[in-house]
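Lettering follows sequence order; numbering is per chain, from 1.
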Amino acid sequence: MTSLVAYVIRRLILLVFVIFGVTVLIFAISMLFSPDVRALLYIRNVQMYKPEVIRSIIEKYGLNDPFYLQYGRWMGQVLQGNLGWAHSSSQTVVDAIATRWPNTFELVMFIAPLIVFIGIYLGVQSAIHRNGVIDHVTRVFSIIGWSLPSFWLGLLLLAIFYGMLGWLPPGSLSHEAQLFVSSPSFIRYTRIDIFDGILNRQLWITIDALRHVILPVIVIVTIDVALLIRVMRSSMLEALSKPYVVTARAKGLKEKTVIYKHVRRNALIPVATLSGMLVAGLLGGLIITETVFGFGGLGQWTANAAIQIDMPSVLGYAILSAFIFVVANLIVDILYAYIDPRIRLE
Amino acid sequence: VREERQNLKKLVSSALIISLILVGSLLLEPAFAAPPPIKRPGEIIVATIEGGMPETVDPAWAYDTASGELIFNVYDTLVTFDAEHMETYLPSIATEWVITNITGTTSPEGIPWYFRYTFKIRTGVTFQDGTPLTPKDVEYSFEREMVQDRDGGPQWMLYEPLLNNAGGAAYLGNGNLTDPANVALVGKMIDHSVESNATHVWFNIGFPGSYAPFMQILCQTWSSIMSKSWIIGTGRSDWNGEWGDYTGWVAYHNPDISPLDSPTPIMMGSGPFKLDTLDYTAKYWSVVRHEGYWRGWPADFPTLAGAKPSGYILRLTVTWAYVWETRSTMFLVGDVDFCAVPRAHIGEIANKDGIRLIWPLPTLAVDAIFFQFNIDPATPYGPILPAGTFGETGIPSDFFGNPTWGIHVRKAFAYSFDYDTFLSVAYLGEAMHPSTAIIPTLRYYDPTVQGYTFDLAKAEEELKKVPGLWDTGFTITILYNTGNLPRQTAAGLLKEKLEGLNRKFHVNVASVDWRPYLRAAVARQLANFIIGWLADFPDAHNFATPFYATWGTFSAWQTYSNPDMDALIDAGIAAPEGPERQAIYTNIQKLAVEDCPSTTIDMALGRHWERDWVAGWYYNPIYPGVYAYNLWKWYYVSHSLLDASIQPTSTYLPVDVNYDGKVDIKDIYAAAKSFGASAGPPIHPRWAFRCDINNDRKMDIRDIFLIAKNFGKSSATWVTPVPAAHDLLGGVDAPASVNVTKTPTAEITAIVKNFGTSDEANVNVALYINGTEVHRETVPTLVSGATYSFVYAWSPATPATTDTYEIEVRVTPVAGEENTANNNALATTLVIK
């Protein structure tokens with residue numbers, strides 16, 4: 001346990017350097033543009049395109065200063081919790097992330113376990129019934145899932161379940177629920193509507209939120225589970241061909257024990273890595289799905305910020321993204337030790 | 001007998017055929033479908049484009065239409081446009097006004113004044129927090145709007161008429177107000193440009209002339225009336241209205257972010273709606289009806305033969321969360337009442353049940369190809385040859401600007417542009433080709449002035465007038481911003497037609513991103529550029545200046561200057577409304593064609609899409625978006641915003657133009673009053689949108705006939721909302737600021753009013769300070785209409801410098817209460833050491 005704590009602390013210290021590296025890199029890329037080009041990012045309309053205005057912007061924001069001074073000013077603000085103003089969303093970057101990330105998380109908390117469990121289950125079934133009906137069906141399902149464009153699937157499901165049947169509308173909440181959660185009497189404890197509904201004893205909010213996550217979750221799971229199925233299947237097939245499986249069977253172990261206790265556990269290592277990266281990627285935002293369903297998550301915001309060259313937002317997202325990936329890696333490493341006791345955290 | 005049999009056969013056959021036809025027609029006749037239930041009868045939801053996010057809630061800042069739409073519904077102005085009409089005004093916060101010539105007078109700091117606009121301020125108007133609106137608020141609002149403007153902000157519209165760019169005022173909003181000598185002078189000029197007494201507010205015009213469009217400027221969001229005490233009470237870093245030594249104000253000028261936007265957006269006006277929610281994450285804003293609005297409900301305009309709007313809504317919501325594919329489904333199922341429909345997708349929505357289309361709508365937007373008079377030889381979009389030198393590989397730097405032959409090149413390019421093909425490809429035919437920048441939507445547009453048309457023979461003729469050009473040829477680069485299909489189309493058309501004229505003419509078409517495109521245009525790096533203009537105010541001056549004045553936005557980029565044109569533009573804005581101005585703007589249009597510094601290529605025509613249960617909408621091209629005061633839905637409204645259970649018993653007939661529930665002679669009379677009028681452009685003074693029954697944008701006998709055809713029929717009517725059985729209203733009265741050194745204890749009054757029709761028992765009222773409950777009372781009985789209040793003595797802690805406290809009253813909803821949005825009230829108090 002002590003070694004685990006030390007390992008986690010070491011990795012968290014590493015996180016600081018990762019964030020530093022990422023932000024320096026992004027900042028350095030932005031500095032490749034001349035000060036007057038960067039000043040254009042502050043221009044809001046054509047009337048501002050005047051030499052004196054551009055000069056004034058360069059002076060006001062110190063765009064002519066050396067790299068280390070500009071970076072230092074920005075980092076100084078970051079250390080005080082100020083990531084700047086996100087002009088692409090008219091709020092502070094901290095607020096933008098704090099209000100959008102829970103929406104993304106709300107989706108991922110359903111998507112991640114579904115992908116992992118369905119992916120592992122179908123991958124195992126496919127492998128142990130190799131070239132059988134289950135294997136063929138699963139493989140076709142995964143090929144189709146992987147090939148489907150998420151926007152197309154999303155729109156199709158919306159047309160059926162909202163346009164025709166009126167069951168599952170777009171957005172993260174219905175309009176009435178959205179107005180209710182915005183009222184002062186509703187406390188946003190977590191900003192995750194499903195939980196906040198329960199905490200505020202407004203179960204209808206929770207049910208409403210659940211109704212709104214169904215379609216985006218189906219879309220992402222259908223598409224992303226395909227990769228996991230295929231990796232799990234390959235990994236299982238490889239493990240099944242190992243000598244210890246023959247030994248286990250020769251010892252007279254039940255087939256279920258061989259498959260689920262020995263083979264599956266060994267086959268999980270590449271799946272754990274993939275799952276970690278997949279979940280980290282999902283937590284970083286689901287651009288297309290969030291856009292199609294108007295879900296107001298992190299992915300949609302980040303894409304919009306990048307298009308508008310909203311540097312404070314891009315840098316803020318970079319910090320969050322680095323954090324998510326480092327933590328995801330850390331969790332995967334800890335899982336390795338659990339899955340395979342031969343791996344030690346040192 | 002045979003004949004009888006034959007006749008009988010014929011009879012039977014005929015009867016069979018007729019029976020079959022009748023049965024068939026019965027089968028083919030679709031069953032009459034009852035109108036679908038109206039969704040959210042008390043609310044209108046607008047789904048706009050994804051980029052339709054308000055940039056700010058501050059009228060001093062707002063220059064985008066998305067912000068303007070929100071501000072327009074929350075704040076009032078001194079005067080307002082007369083519904084569809086852009087040149088006639090209705091009293092609003094001002095009840096009457098007078099314009100006087102004060103030429104010969106000067107401001108205390110010596111700036112000449114020419115005209116004075118004096119407004120009598122309406123009494124009895126209250127802001128949404130219940131405080132009265134006074135002339136001091138009006139004066140403060142305009143001064144604040146000028147003080148707290150930003151670089152590239154909208155307040156140049158006040159600086160120009162009031163300050164005339166004198167004494168350093170040109171630096172306002174231009175990022176260069178750093179000279180301390182100017183700061184005090186400009187402060188004094190702002191202070192003295194708007195003055196008030198107990199009953200009136202007046203503006204002193206420093207511009208030499210009457211500045212005719214000043215009234216239009218006063219109708220718009222940058223001239224919104226704000227509450228001085230509320231703004232100071234917010235405790236944010238906002239200007240407090242004190243001038244002192246006239247140097248302190250500059251600290252509030254050009255802030256990075258408006259204090260009203262950060263940390264959370266806040267609004268409080270006297271307008272018809274109050275801000276309920278502005279959620280940048282869920283991407284919508286929602287405003288609720290200001291019950292005490294001084295104009296009353298339903299709206300008192302637009303009137304038609306004495307008939308006013310007959311209903312209203314309780315909430316307006318605008319969302320920019322959805323892509324077109326999602327938005328269209330929402331519109332078709334009725335979850336959205338107004339929807340932005342891209343031109344390319346019109347076919348997916350047109351003629352669908354329950355959806356009404358109003359078109360074509362003339363806009364106040366125009367695009368043009370601008371010619372650069374002095375191209376930078378170092379441009380990366382060359383090659384550029386020395387002035388006066390021709391070569392097949394490039395163009396001379398004075399290609400368009402040469403004083404001797406540049407005019408022929410400009411005209412040749414104007415004649416080479418295939419306007420009709422451009423409009424049909426880039427705008428799918430939904431645009432007009434205006435002759436000049438003074439577009440048909442504007443007063444003083446002169447239809448007799450003929451602009452350029454596509455004529456390659458004339459283009460060749462003009463090019464041959466340039467010595468040596470036809471034989472030598474040229475290579476020119478035309479740039480457009482990536483992703484802009486109309487500009488890409490325009491560049492492609494020019495290439496095709498010019499290269500078709502002469503094998504030695506070469507046109508390179510390239511694209512760059514929007515910002516580099518603008519930067520290159522400003523830096524004289526583009527031989528020509530295509531850009532558009534959207535009106536700030538609907539006056540010819542606002543189009544003539546950017547296109548043709550030496551100091552104009554686009555003409556300055558072009559380095560185009562014509563003293564005759566400048567003199568005309570100056571004369572146009574100085575002249576009073578009437579024939580004199582018309583003559584000046586006619587001359588401007590003629591000179592614009594003659595001099596051809598640019599060629600206008602399109603004026604877009606708009607469409608309005610709405611669910612057919614919406615009533616009261618009308619079109620004013622200068623409105624920044626939906627103005628909801630005049631709108632309603634056809635249903636018997638109940639007390640609840642969301643209660644759709646009670647539906648209309650009959651369908652609304654659009655021929656019932658006076659909304660009285662029956663089609664009769666009054667409707668015909670009302671329509672006859674606008675007979676012969678058209679929606680233009682330009683809009684006719686007697687035009688009345690709701691009488692255009694067949695929606696062909698003109699009032700003629702066909703509209704009258706359609707009304708007459710339905711004579712005597714009943715139509716849906718509006719029933720005034722029934723008060724709710726249970727409805728409690730919370731209120732708070734807290735000081736805007738507390739100086740703890742002088743008064744360590746402040747009084748806060750918590751108020752609860754029973755707006756419902758039922759008496760209530762055990763009403764809980766709690767007072768919170770910064771989220772912590774400090775006092776709670778239970779009112780044993782609160783009869784209908786009664787008010788209860790308690791006073792809390794508050795002793796705030798002494799701050800280091802200042803602290804801001806949120807004071808909130810929360811009234812616990814009673815059983816059966818549906819409208820709980822008004823149960824809580826919030827105030828902010830600034831505590832000063």
Please check if atom CH2 in Trp514(B) has more than 12 non-hydrogen atoms from other residues, nucleotides or ligands closer than 6.0 Å.
yes
Quick one: pull up CE in Met164(A) and OG1 in Thr329(B) and give me the separation to the nearest 0.5 Å.
11.5 Å
More than 12 heavy atoms of other residues, nucleotides or ligands under 6.0 Å from CD of Glu59(A): yes or no?
no
Under a 3.5 Å distance rule, please check whether Thr326(B) uses its side chain to pair with a backbone N or O of Val292(A) as donor and acceptor.
yes
Region of Phe295(A) in contact with chain B, defined by heavy-atom distances below 4.5 Å
neither
Under 4.5 Å, counting heavy-atom pairs only, tell me which of Arg327(B), Arg519(B), Glu50(B) racks up the most with chain A.
Arg519(B)
Measuring from Tyr280(B):OH to Arg100(A):CZ, what's the distance to the nearest 0.5 Å?
10.5 Å
Any residue of residues 195-208 of chain A which, by heavy atoms, sits under 4.5 Å from chain B:
none
Given heavy-atom pairs under 4.5 angstrom as the criterion, report whether the side chain, backbone, both or neither of Gln300(A) touches chain B.
side chain
Distance col, row Asp261(B):CG vs Thr92(A):OG1, nearest 0.5 angstrom, shows 12.0 Å
Pro546(B) versus chain A, heavy atoms under 4.5 Å apart: side chain, backbone, both or neither?
neither
Checking heavy atoms, do the side chain of Thr99(A), its backbone, both or neither come under 4.5 Å from chain B?
both
Just by distance, with hydrogens left out, do Tyr162(A) and Asp335(B) show a side-chain donor and acceptor under 3.5 Å apart?
yes
Structural part of Thr317(B) lying under 4.5 Å from a heavy atom of chain A
side chain
What verdict does the side chain to side chain contact (heavy atoms under 4.5 Å, CB included) test give for Tyr61(A) and Asp256(B), after you've listed the backbone C-alpha separation in whole Å, the side-chain angles of each residue and the deciding distance to 0.1 Å?
CA-CA 10 Å; Tyr61(A) 297 104; Asp256(B) 281 345; 2.5 Å; yes
Value rounded to 0.5 Å, distance of OG in Ser262(B) from CG in Asp95(A)
8.0 Å
Does any heavy atom of chain B fall under 4.5 Å from the side chain of Asn304(A), the backbone, both, or neither of them?
neither
Which atom pair, heavy atoms only, marks the closest approach of His175(A) to Ile45(B)?
CD2-CD1, 3.6 Å
Could you report the tightest heavy-atom contact between Phe293(A) and Tyr322(B), atom names first, then the distance?
O-CE2, 3.9 Å
Tell me whether Phe33(A) at atom CZ has more than 12 heavy atoms from other residues, nucleotides or ligands lying less than 6.0 Å away.
no
Find the one option among Met330(B), Arg810(B), Glu325(B) whose heavy-atom pairs under 4.5 Å with chain A are most numerous.
Met330(B)
Of Leu518(B), Thr277(B), Val522(B), the largest count of non-hydrogen pairs under 4.5 angstrom with chain A goes to Leu518(B)
With chain B, the option among Ser183(A), Ser172(A), Gly294(A) that has the most non-hydrogen atom pairs under 4.5 Å is Gly294(A)
Phe323(A) CZ: over 12 foreign heavy atoms closer than 6.0 Å:
no
Identify which part of Leu826(B) has an atom lying under 4.5 Å from any heavy atom of chain A, answering side chain, backbone, both or neither.
neither
Decide side chain to side chain contact (heavy atoms under 4.5 Å, CB included) for Leu179(A) and Asp276(B); before the verdict, give the C-alpha distance in whole Å, the side-chain angles of both, and the deciding distance to 0.1 Å.
CA-CA 9 Å; Leu179(A) 292 173; Asp276(B) 181 52; 4.1 Å; yes
May I ask you to name which of Asp513(B), Ile257(B), Thr812(B) has the most heavy-atom pairs under 4.5 Å with chain A?
Ile257(B)
Could you tell me which of Pro170(A), Gly297(A), Ala96(A), Ala159(A) has the largest number of non-hydrogen atom pairs under 4.5 Å with chain B?
Pro170(A)
Report, in residue-number order, which members of residues 76-91 of chain A are under 4.5 Å from chain B by heavy-atom distance.
Trp85(A), His87(A), Ser88(A), Ser89(A), Ser90(A), Gln91(A)
Let me know if Pro265(B) has heavy atoms under 4.5 Å from chain A in its side chain, its backbone, both or neither.
neither
Kindly give the heavy-atom pair with the smallest separation between Ser182(A) and Asp279(B), and that separation in Å.
OG-OD2, 4.4 Å
Please look at Ser286(B) and chain A and tell me whether the side chain, the backbone, both or neither of the residue comes under 4.5 angstrom of a heavy atom of that chain.
side chain
